[in-house]
Amino acid sequence: MMINLIGKKAQIACGLLCCCSMAYAQSNDNSEVVVLNTGWEFSQAGTELWQSAQVPGTVHQDLIYHKQIPDPFYGINEQKIQWVENEDWEYRTAFTVTPEQLKRDDAQLVFEGLDTYADVYLNGALLLKADNMFVGYTIPVKSQLRIGENLLHIYFHSPIRQTLPQYNSNGFNYPADNDHHDKHLSIFSRKAPYSYGWDWGIRMVTSGIWRPVTIRFYDAASISDYHVKQLALTDQLANLSNELEINNILSRPLQAEVRINTSFERSAEKSISQAITLQPGINHVSIPSEVASPVRWMPNGWGKPALYDFSAQIIVEDKVVAEQSHRIGLRTVRLVNEKDKDGESFYFEVNGVPMFAKGANYIPQDALLTNVTTERYQTLFRDIREANMNVIRVWGGGTYEDDRFYDLADENGILVWQDFMFACTPYPSDPTFLKRVEAEACYNIRRLRNHASLAMWCGNNEILEALKYWGFDKNFPPEIYQEMFRGYDKLFHQLLPAKVKELDADRFYIHSSPYFANWGRPESWGIGDSHNWGVWYGQKTFESLDTDLPRFMSEFGFQSFPEMKTISTFAAPEDYQIESEVMNAHQKSSIGNALIRTYMERDYIIPEKFEDFVYVGLVLQGQGMRHGLEAHRRNHPYCMGTLYWQLNDSWPVVSWSSIDYYGNWKALHYQAKRAFAPILINPIRQNDSLNIYLISDCPDTKDHLMLEMKVTDFDGKKQGKPIRLNTLTVPANTSQCVYRIKTDTWLSPEEQQRCFMQLTLKDKAGNTLAETVYFFRKTKDLLLPETTVSCKMKQKDGMCELTLFSPALAKDVFIEIPLQGARFSDNFFDLLPGERKTVVITSPQIKKGEELPLTIKHIRETYN
């Protein structure tokens, strides 16, 4: 496919090559891969001031390194870096080619990601005019290479100046209000929308070589694409088709052997071979294969995410001239979106079994994408898995993620809902724009379709809802408004579904999320997925989530500040006020920090100290969101999924996230872990009764269980006899009410203010399967006791073990240490009277013999 190419023919790369930090990457075939990641320089165009550059990287990172812009995350420095986006930037490097390398049949220059408008020159030849951040480019370059030194030069055009002519000739300003500029230019570029700003995001419109650059020297043929297509799957047999796109670069037919190798864990490798004649140019080859007694890939919580290793080799004259490999999961995933008595269902069926989706919406992990290391990806998926999640939605205003993201999703049993990169505004639909989108869809569908974790494709985030309900019909002339709908149809009803059908036909596609429901229209909630912003933007109570019920909640959320050690990275003590200039600079929601206070006043006593306000706000977010997560699980199978907004942050900011920029779990992440437990005890006051639900998403039934419920006052004195329910059965994938009692006839109003209920579910062997604590009143109405939490500490390198004790209830205990990213076995929990609780903190920064500053807070301590 031709994409704005100059000079020699080039084609979009269908698969990403592996990159390592050495000059030469390892290869199992006879090719030689040179990684061009050293010796780079950059310059502001027109200045000829060349300085060292990091590749992969961005111009902002290079400017920060050379102290030419301040830390964009600190204070109000965001305002001081906006000039960068208006300038052109140049990058250059030199590399050496040996005579032996140039004797190879061909050489490919591979760019896995250029951001965004880039002219690529090699030894005086203009090879490429790139115009899409979301694609890679593979360019044959042998004829342009020289023995000895070769010069590679890339000119990046300002994405602002590049698109101004489009804006000026358009006649109207697109309603892309998350683009934090008077002129909404983001919609014209195929570039990560969030870099232009968002309601949680800094504006940093980047340029640069954001993914690896390599040169591959090879002979005879290359594999442009390798798709392991699952045709049929039973417990007895998996039928597969190995579909290859092979490029014979010679001018004559080539006799070759295609070998498919398969292995599972430590079992012996199995191979099948087929002799073929490769005609000059592109050849399409399909080779059937089978896996007997396949071990299925299972989502987190249901079993092991089993993966098979597949490789395809091209052998010519007894040499492996080309090879590609994939890790393949054998499973069936279906999005069941069908009309029923309640409206229209929306749920994932995995290996034939309906699955309640538990997870969150994911945004890019950094405003500067190349800051995201393999370790950060690994930590993120550990966080996802430990919180009992099974689905992550890659939201449509960021990027198509790195291969490492999907590899880790495969390995951890996490299904990926994948948006195409369109969000919250109409987009152009002119031929050039559609051509760019087609290239982007082809590239990323081919790149991602081998992943077992990839569950579905979604055309966009909230664009249809915006067109229908956000007032565009009043803000634009009728002809413009109708053109927006026609453009929507071209992009999301025609182009993208056609590409999914052509390249990944077995995966489900929906054109938008939500595609029908709207949070302000109750009549729509019974159809498909919902984004419920009644809580937060609608200022509705958390209790409204008990009745504002969707079939599948794909977005809902509530904000909090990050904890103080994160705030201290971007603000000074004099800024520690919720409406200070710095705090407002790190609050991008249109209704701001005051709304956190409004919600806090409903459920908590508002503290005077800023630090206490931050802490109570974290508790508020966690407890409120947990209420919603449990409501969705409780209403299984009417509701079959809940993905909260949002999992993570791209910079240190006040936001809806459950994990802050530095990897610290907020209270929300601990509460999500509790709400997503495989078996959940959910006490809920409904009308005048306390109802006890047992909820399970385990794949098997649990029987002969005992549920104990005991009431205790805040000083540890038991109130009455425990209630025990014996011989309970909890079927797989169910929610059921197992006990009901009228609250006010059981406990007096005063007792409800000073007592809690502890609920424990055990199996017949006495093992605890689930436990929770229920309070009968809102926190502000509880008569919480004054108490001091004592702590004993054992410390060694990398770990600290705390044993906590309180003679009376300490509610919502928060342990804080000044180490970013430290992991706690538990936090934001209720320390019950007389209970000894052990918490383990791990961090490579913890050293034996070094004092570890420690702060322990609970709610009562924030009262005046």
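Note that the coordinates shown come from a computational prediction; the quantities given were computed from them, not determined experimentally.
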Short side-chain to backbone donor-acceptor contact, Arg385 and Asn412, under 3.5 Å: yes
Sidechain-backbone polar pair: His184 side chain, Tyr174 backbone, donor-acceptor under 3.5 Å: yes
Atom NZ of Lys468: over 12 foreign heavy atoms under 6.0 Å: yes
Short N-O contact, Arg327 and Asp309, less than 4.0 angstrom: yes
Gln166 side chain to Thr163 backbone, donor-acceptor under 3.5 Å: no
Test item: Trp40 side-chain N/O and Leu36 main-chain N/O as donor-acceptor pair under 3.5 Å: yes
Salt-bridge contact Asp419-Arg393 (side-chain N to carboxylate O under 4.0 Å): yes
Residues Arg334 and Glu349 bridged, charged N to O under 4.0 Å: yes
Whether His511 and Tyr488 hold their rings parallel, tilted or perpendicular, with breakpoints at 30° and 60°: perpendicular
Parallel, tilted or perpendicular, as decided by the 30° and 60° cut-offs, for the rings of Trp457 and Phe420: parallel
Test side-chain hydrogen bond (donor to acceptor under 3.5 Å, both in side chains) applied to Ser186 - qualifying residues, sequence neighbours left out: Asp179
Between Gln54 and Asp62, a side-chain donor and acceptor under 3.5 Å: no
Asp115 (side chain) donor-acceptor with Gly208 (main chain) under 3.5 angstrom: no
N/O donor-acceptor pair under 3.5 Å between Asp410 side chain and Ser453 backbone: yes
Test item: side-chain donor near acceptor, Glu462 and Ser513, under 3.5 Å: no
Check: Tyr427 side chain, Ala423 main-chain N or O, donor-acceptor pair, under 3.5 Å: yes
Tyr117 ring center near Tyr155 ring center (under 6.0 Å): no
Those residues that, when tested against His180, pass ring pair (Phe, Tyr, Trp, His ring centres under 6.0 Å) (two or more places apart): none
Residues Asp366, Arg376: salt bridge by 4.0 Å N-O rule: yes
Results of salt bridge (charged side-chain N to carboxylate O under 4.0 Å, His left out) for Glu502 - residues two or more places apart only: Lys499
Donor-acceptor contact present, side-chain Lys191 to main-chain Tyr196, <3.5 Å: no
Expected output: side-chain Ser655 to main-chain Ser657 donor-acceptor under 3.5 Å: yes
Donor-acceptor pair between Gln230 and Asp506 side chains, under 3.5 angstrom: no
Whether Phe405 and Tyr362 hold their rings parallel, tilted or perpendicular, with breakpoints at 30° and 60°: tilted
Contact summary for Phe346 and Asp529, nearest pair of heavy atoms: CD1-N, 3.7 Å
Phe433 six-ring centre to Arg436 NZ/CZ under 6.0 Å and within 45° of normal: no
side-chain hydrogen bond (donor to acceptor under 3.5 Å, both in side chains) partners for Asn261, two or more places apart: Ser271, Ser311, Gln313
Contacts of Ala367 that satisfy side chain to side chain contact (heavy atoms under 4.5 Å, CB included) - sequence neighbours left out: Phe73, Ile202, Met204
Short N-O contact, Arg486 and Glu483, less than 4.0 angstrom: yes
Under-4.0 Å salt bridge between Arg446 and Asp504: no
With sequence neighbours excluded, residues passing side-chain hydrogen bond (donor to acceptor under 3.5 Å, both in side chains) with Thr116: none
Presence of salt bridge, Asp225 and Arg449, under 4.0 angstrom: yes
Parallel, tilted or perpendicular: ring planes of Tyr226 versus His326, cut at 30 and 60 degrees: tilted
Polar side-chain atom of Trp210 near backbone of Met133 as donor-acceptor pair, under 3.5 Å: yes
